[in-house]
Amino acid sequence: MPELPEVETVRRGLAPHLEGRRIESARLNRPDLRFPFPPRFAERLAGRTILPLARRAKYLLVPLGGDDMNGETLVIHLGMSGRLLIEARESRDPLGEFHHETGRLPQHDHVEIALEGGKRIIFNDPRRFGFMLLEPSETLDAHPTFAGLGVEPLGNAFSADHLLARFAGRRTPIKLALLDQRHVAGLGNIYVCEALHRAGIAPARAAATLTASEAERLAAEIRVVLEEAIAAGGSTLKDYRHEDGSLGYFQHAFRVYDREGEPCPKPGCGGTISRRVQGGRSTFFCEECQR
DNA sequence: AGGATACCCTGACCGC
DNA sequence: TGCGGTCAGGGTATCC
């Protein structure tokens, strides 16, 4: 599912197709995703010019130029199964038929945005955990969705000291603290499991017990695992495809995620990967080398 | 107020 | 083959 590296990969993949282009029209195939679409959504998109794409946590930001200074930003969250694809207009399949090239079902094409020049952006999301916002760019940071978000894990404000300060006094398991978007924004279940394993820290430990040296290691490993995934073109699970719909997309090899029962990949460890539910979600870890 | 839990949704998978 | 049950999970609402 799309976490920060996947969203960043989508951003980079879409940018050359979108930036500087004008939106000809937009079409909604249903009234809502996770939430209802913004009022007059399609009308407000039409005619706008797309400015340079950005990302905040797992949100893709599509700033739109307006006739005046009051530009709005299209915010896209891919949820669990959301995909953005670019297609030439004429490639459209009849609704309801399997799209062989991309493996997606057209009945889940919820939003179609026609660009000047003939290409279409398609938002396809079977589970509809995704959602979209259209908000004034000026006040985006103050919007409830963004106001409480913590620091970017790849940004300058993220550090061992930041983790120590945020986790001080917290008795919540460190796995859950890392998933809490108020502390660090953009980490999901997969990369939290991977980072804790790389750092050798047990996921059940109280967040407050993190030592200074462990915080250094954890902060470093979080950066490394995210940067590796971005460099690899984003990781992929099950239904994710590249934004252009191409097959043969890179399959990232996780060290512990979804590897219950397999040998711990850490050299010389000899442990076995366990699975435990924390906060209703699976944690994959090694009891031997994560302390 | 922080922490825990339920919920949204569909497709994949499994056992019968 | 079909059917029911389970699981996946980010963000949000709601509970204590």
Side-chain angles (χ1 to χ4, degrees), chain A residues 1-8 10 29-38 55-61 75-84 95-99 102-111 123-133 135 140 143-150 152-153 165-195 203-209 226 234-241 251-252 254 256-261 275-284:
Chain A
M1 67 298 306
E3 292 190 24
L4 187 156
E6 287 75 20
V7 178
E8 180 60 24
V10 169
N29 294 324
R30 54 174 300 121
D32 56 16
L33 295 168
R34 176 82 171 84
F35 307 112
F37 285 108
R55 177 191 56 76
R56 175 76 168 104
K58 301 168 193 169
Y59 297 90
L60 180 66
L61 307 181
V75 178
I76 302 175
H77 196 290
L78 299 173
M80 290 295 304
S81 57
R83 289 193 268 162
L84 284 166
L95 207 63
E97 279 184 22
F98 185 75
H99 192 282
T102 63
R104 79 179 198 277
L105 292 167
Q107 64 260 37
H108 301 309
D109 287 353
H110 306 311
V111 181
F123 179 80
N124 178 280
D125 186 6
R127 291 183 215 178
R128 303 208 301 278
F129 271 32
F131 61 92
M132 296 189 186
L133 306 172
E135 295 289 330
L140 200 59
H143 188 275
T145 298
F146 297 98
L149 283 184
E152 286 286 324
R166 297 292 307 189
F167 291 176
R170 307 268 173 186
R171 288 210 286 269
T172 192
I174 191 161
K175 155 81 183 309
L176 298 182
L178 287 171
L179 282 175
D180 189 332
Q181 304 294 299
R182 294 171 298 180
H183 301 319
V184 187
L187 297 180
N189 200 38
I190 294 173
Y191 292 106
V192 167
C193 291
E194 295 294 310
R205 274 179 47 189
T209 67
L226 294 177
S235 309
T236 173
L237 272 185
K238 293 173 182 170
D239 53 0
Y240 189 70
R241 296 288 189 280
Q251 192 88 26
H252 193 78
F254 300 119
V256 293
Y257 185 80
D258 206 18
R259 292 188 178 276
E260 183 182 15
R275 185 180 79 92
R276 190 166 301 170
V277 175
Q278 289 181 286
R281 264 160 213 141
S282 291
T283 301
F284 297 91

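Letters A, B, ... are given to chains in the order of the sequence lines, protein chains preceding strands, and every chain is numbered from 1. Since the model is a prediction, treat every value here as computed from it, not as a measurement. Only heavy atoms go into these numbers, but all of them, side chains included; no hydrogens, no water, no symmetry mates.
- The line from CZ of A:Arg281 to SG of A:Cys193 is 11.5 Å long, rounded to the nearest 0.5 Å.
- Annotation: the span from A:Arg34 atom CZ to A:His77 atom NE2 amounts to 10.5 Å, rounded to 0.5 Å.
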Name the pairs: protein N/O against N/O of nucleotides 6-9 of chain B, kept only if under 3.5 Å.
| from | atom 1 | to | atom 2 | distance (Å) |
| --- | --- | --- | --- | --- |
| B:dC8 | O2 | A:Arg34 | NE | 3.4 |
| B:dC9 | O4' | A:Arg127 | O | 3.4 |

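- OP1 or OP2 of C:dG11 sits under 4.0 Å from a side-chain N or O of A:His77.
- One distance of note links CG of A:Asn29 with NE2 of A:His108; it measures 12.0 Å at 0.5 Å rounding.
- Heavy atoms from other residues, nucleotides or ligands lying under 6.0 Å from CZ of A:Arg30 number more than 12.
- Each end of the helix from B:dG2-C:dC16 to B:dC16-C:dG2 yields a helix axis from five base pairs, and these two axes differ in direction by 50° (to the nearest 10 degrees).
- A side-chain donor-acceptor contact under 3.5 Å links A:His110 to the backbone of A:Asp125.
- Applying the 4.0 Å criterion to OP1 and OP2 of C:dG11, one finds that A:Gln181 has a side-chain N or O inside that range.
- Between A:Arg56 and A:Glu152 a salt bridge is recorded (basic side-chain N to carboxylate O distance below 4.0 Å).
- Here the two rings, on A:Phe146 and A:Tyr59, have centers that are under 6.0 Å apart.
- A:Leu140 has its side chain within reach of A:Val75: a pair of non-hydrogen atoms, C-beta onward, lies under 4.5 Å apart.
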